[in-house]
Q: 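Take a look at the following structure, please.
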Amino acid sequence: MEDRKIPYKIYLEEDEMPKAWYNLRADMRVKPAPLIHPGTKQPMTAQELEVVFCTELVKQELDDTTPFIEIPQEIRDFYKMYRPSPLVRAYCLEEKLQTPARIYYKFEGNNTSGSHKLNSAIAQAFYAKKQGLTGLATETGAGQWGTALSMACSYFGLDCLVYMVKVSYEQKPFRREVMRTYGATVTPSPSAETAVGRKILAEHPDTTGSLGCAISEAVETAVSKEGYRYVLGSVLNQVLLHQSIIGLETKAALDKYGIKPDIIIGCSGGGSNLGGLIAPFMGMKIKGESDCRIIAVEPASCPSFTRGKYAYDFCDTGMITPLAKMYTLGSGYIPAPNHAGGLRYHGMSTTLSQLYHDGYMEAVALGQTSVFKAAEAFARVEGILPAPESSHAIKVAIDEAMKCKETGEEKNIVFGLSGTGYFDMKAYESYHDGKMTDYCPTDEEIAAGLAGLPEV
Ligand SMILES: *Cc1c(COP(=O)(O)O)cnc(C)c1O
């Protein structure tokens with residue numbers, strides 16, 4: 001078969017790694033709406049943002065005109081320890097499915113943090129160090145972002161304070177210990193260390209915490225401690241910018257063999273791995289150079305794109321952050337517990353929200369049982385144990401490949417395998433034991449979340 005010329009893994013050489021990130025917003029006809037101040041309702045200024053975020057990252061956050069931003073040599077040197085990441089041709093999965101489709105996945109789980117999050121963590125830590133800061137504060141839910149940031153901070157010799165949602169802190173001791181191995185201070189949230197934490201504890205002494213609360217504690221710590229700033233692992237423009245390395249490498253690898261993707265699929269929590277993967281392809285689509293389909297996949301229990309509203313909302317539950325215009329379920333929406341912790345966010349990147357609103361991409365929501373079934377099928381033929389988050393993309397890739405089987409079309413399907421699932425074995429256990437449920441919020445629950453949207 002002529003096809004066999006394409007290797008199982010398309011590797012790029014070290015010197016083929018992109019030297020600049022791609023800022024998709026520069027090529028968007030309709031730019032994403034700016035962050036606005038919740039009090040004045042005016043666009044956030046650089047000065048206002050610099051109280052919370054590193055100066056250079058604020059510049060990146062607000063820049064919607066520069067298409068390429070050079071990746072500093074120090075960051076490229078770190079990237080080289082685990083990048084370029086492979087683009088894998090899923091020959092074994094194709095064989096198993098007996099599909100004429102050609103399936104490719106970009107694998108981002110090949111580092112200790114186990115996901116794509118390290119791509120942005122190292123960039124954010126670098127700019128903090130360059131600014132002369134001493135430390136960074138952040139929150140983590142299940143722990144992937146906290147792990148990535150602790151690795152990045154230890155590399156650049158920065159202090160790393162992680163507020164970890166209390167229930168995860170207690171139930172996921174392994175990720176907590178990975179963070180401590182890299183020198184991070186991990187505090188269960190809510191804690192007695194911050195005013196907002198003490199307030200929440202006084203009102204709800206038995207609370208097991210939430211991501212929204214942990215964000216509030218991390219922001220409070222960052223702005224009140226000399227030499228500290230706050231960092232976030234998804235949603236923000238700067239994070240999508242850093243993650244564009246995923247898409248740029250994918251495109252370079254496909255170009256080597258003259259492959260044009262017909263469908264690109266990625267899971268979407270806050271939108272950073274998907275936004276990074278699709279960046280160059282979406283740029284081509286906007287310019288009329290590609291007509292590939294782009295599909296975002298989200299959990300049915302937290303369906304921001306498919307059932308949310310495109311509106312200004314707070315980025316956190318504590319309502320202390322700026323307002324972002326995005327597909328949202330409302331900052332007070334508490335998704336039912338599901339095992340894809342990294343996808344349980346009420347909102348969505350403003351860039352992806354605008355593109356979805358303008359019809360450049362599609363979205364699908366899935367129940368978690370179907371996702372784990374796909375995860376297991378994938379693991380059994382391709383070897384890699386996928387993260388529950390990434391498995392949302394696997395499921396849709398398999399569905400699309402099966403459609404090709406019916407029609408006989410030889411489509412090129414590319415999906416993002418954002419990470420590995422070694423720390424998610426409780427979830428796999430519940431799937432294997434038949435105890436996994438597929439909670440889907442009622443229309444009333446969705447309406448209740450949206451009723452809390454701020455007036456703008
Ligand atoms: C955090 C995470 C996600 C979701 O975050 P995005 O910003 O939407 O990419 C997806 N996959 C893995 C493995 C993660 O750790």
Side-chain angles (χ1 to χ4, degrees), residues 85 105-121 124 138-151 164-165 168 172 175 178-179 211 231-247 264-279 294-299 302-305 315 324 326-328 335 338-353 355-356 361 363 365-366 368 371 375 378 384-396 415-424 427:
S85 72
Y105 58 88
K106 179 69 169 167
F107 182 47
E108 290 294 318
N110 211 0
N111 67 76
T112 297
S113 83
S115 81
H116 63 285
K117 291 196 173 73
L118 192 55
N119 301 332
S120 184
Q124 297 194 41
T138 199
E139 74 291 330
T140 199
Q144 293 100 314
W145 168 245
T147 306
L149 189 71
S150 61
M151 290 174 72
M164 185 172 190
V165 177
S168 301
K172 302 195 172 179
R175 265 207 222 274
V178 178
M179 287 184 252
L211 203 54
V231 291
L232 184 64
S234 182
V235 188
L236 296 176
N237 295 325
Q238 54 187 280
V239 183
L240 264 74
L241 174 73
H242 306 147
Q243 296 298 355
S244 69
I245 187 131
I246 303 173
I264 306 177
I265 303 161
C267 66
S268 198
S272 74
N273 89 87
L274 176 67
L277 173 67
I278 67 174
I294 292 174
I295 310 176
V297 195
E298 57 187 15
C302 195
S304 321
F305 271 133
C315 301
M326 57 187 174
Y327 278 86
T328 179
N338 75 41
H339 292 294
L343 302 182
R344 293 182 71 227
Y345 182 64
H346 68 275
M348 186 55 63
S349 134
T350 57
T351 299
L352 295 189
S353 293
L355 291 165
Y356 180 67
M361 51 189 272
L366 299 176
Q368 56 178 351
V371 168
F378 178 84
I384 295 170
L385 181 77
E389 291 88 350
S390 324
S391 304
H392 286 70
I394 297 177
K395 163 69 178 153
V396 173
F415 74 88
L417 191 67
S418 52
T420 47
Y422 302 116
F423 290 103
D424 300 288

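Hydrogens, waters and symmetry mates are skipped; everything else that's a heavy atom, side chains included, is used. None of the values given here were measured: they were computed from a predicted structure. Along the sequence shown, residues are numbered consecutively beginning with 1. All ligand and atom numbering here is 1-based and tracks the order in the structure.
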Q: Which atoms of ligand 1 have any heavy atom of Gly419 under 4.0 Å away?
A: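 The list of qualifying atoms is 13 (C).
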
Q: Taking the side chain as every heavy atom from C-beta outward, state whether Leu232 and Glu139 have any pair of such atoms under 4.5 Å apart.
A: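 Counting from C-beta outward, Leu232 and Glu139 do come under 4.5 Å.
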
Q: Whether the Asn119 and Glu108 side chains hold a donor-acceptor pair (N or O, under 3.5 Å, no angle test) is what I'd like checked.
A: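 Side-chain D/A pair, Asn119 to Glu108: present.
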
Q: May I ask whether His116 has any heavy atom positioned less than 4.0 angstrom from an atom of ligand 1?
A: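 The answer is yes: ligand 1 sits under 4.0 Å from a heavy atom of His116.
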
Q: Could an N or O of ligand 1 be found under 3.5 Å from any N or O of Ser234, whether backbone or side chain?
A: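 Right, the criterion is met.
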
Q: Measuring only between side-chain heavy atoms, which start at C-beta, is Leu352 closer than 4.5 Å to Tyr327?
A: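 Result no, sub-4.5 Å side-chain heavy-atom pair not found.
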
Q: Does Gly270, backbone or side chain, put an N or O under 3.5 Å from an N or O of ligand 1?
A: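 By distance alone, the answer is yes.
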
Q: Which of the atoms of ligand 1 are close to Gln144, meaning less than 4.0 Å from one of its heavy atoms?
A: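 Result: 15 (O).
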
Q: What protein heavy atom is closest to atom 5 (O) of ligand 1, reported as residue, atom name and distance in Å?
A: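 Looking only at protein heavy atoms, the one closest to atom 5 (O) of ligand 1 is Gly342 O, 3.9 Å.
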
Q: Which protein heavy atom lies closest to atom 3 (C) of ligand 1, and at what distance to 0.1 Å?
A: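 Nearest protein contact, heavy atoms only, for atom 3 (C) of ligand 1 is Lys117 NZ, 3.6 Å.
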
Q: Please list, in number order, the atoms of ligand 1 under 4.0 Å from a heavy atom of Glu389.
A: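 Listed by number with element, the hits are 10 (C), 11 (N), 12 (C).
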
Q: Answer yes or no: is there a donor N or O on one side and an acceptor on the other, between the side chain of Glu298 and the main chain of Ala363, under 3.5 Å?
A: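 No, the answer is negative, given that no donor and acceptor are paired below the 3.5 Å cut-off.
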
Q: Do Thr112 and Leu118 have side chains that approach each other closer than 4.5 Å (heavy atoms only, starting at C-beta)?
A: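 Thr112 vs Leu118: side chains apart.
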
Q: Would you mind reporting whether Phe415 and Val297 have side-chain heavy atoms less than 4.5 Å apart?
A: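 In short, these two side chains do not touch, never coming nearer than 4.5 Å.
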
Q: Going by the atom numbers of ligand 1, which of them fall below 4.0 Å from some non-hydrogen atom of Ser268?
A: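 Selected atoms, number and element: 8 (O).
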
Q: Under 3.5 Å, is there a donor-acceptor pair linking the side chains of Ser390 and Ser418?
A: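 Indeed, the side chains of Ser390 and Ser418 share at least one donor-acceptor pair under 3.5 Å.
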
Q: Measuring only between side-chain heavy atoms, which start at C-beta, is Thr420 closer than 4.5 Å to Phe107?
A: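 A side-chain contact under 4.5 Å exists here.
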
Q: Kindly confirm or rule out an N or O of Ser390 lying under 3.5 angstrom from an N or O of ligand 1.
A: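 By distance alone, the answer is no.
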
Q: For atom 8 (O) of ligand 1, find the nearest protein heavy atom and state the residue, atom name and distance (0.1 Å precision).
A: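 That would be Gly269 N, 2.7 Å.
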
Q: Any N or O on Gly271 sitting closer than 3.5 Å to an N or O of ligand 1?
A: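 Such a contact does occur with ligand 1.
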
Q: Would you mind checking which non-hydrogen protein atom is closest to atom 13 (C) of ligand 1, with the distance to 0.1 Å?
A: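 Heavy-atom neighbour on the protein nearest atom 13 (C) of ligand 1: Ser418 OG, 3.4 Å.
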
Q: Could you tell me which atoms of ligand 1, counted from 1 in the order shown, lie closer than 4.0 angstrom to a heavy atom of Leu343?
A: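 Counting atoms of ligand 1 from 1, those under 4.0 Å from Leu343 are 4 (C).
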
Q: Below 4.0 Å, non-hydrogen atoms only: which portion of Ser115 touches ligand 1? Side chain, backbone, both or neither.
A: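 Near ligand 1, Ser115 shows its side chain, while the N, CA, C and O stay back.
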
Q: Is the shortest side-chain heavy-atom distance between Met326 and His346 below 4.5 Å?
A: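 Touching, per the 4.5 Å side-chain cut-off.
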
Q: Any side-chain heavy atom of Val239 within less than 4.5 Å of one from Gln124?
A: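 The answer is yes; the side chains approach within 4.5 Å.
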
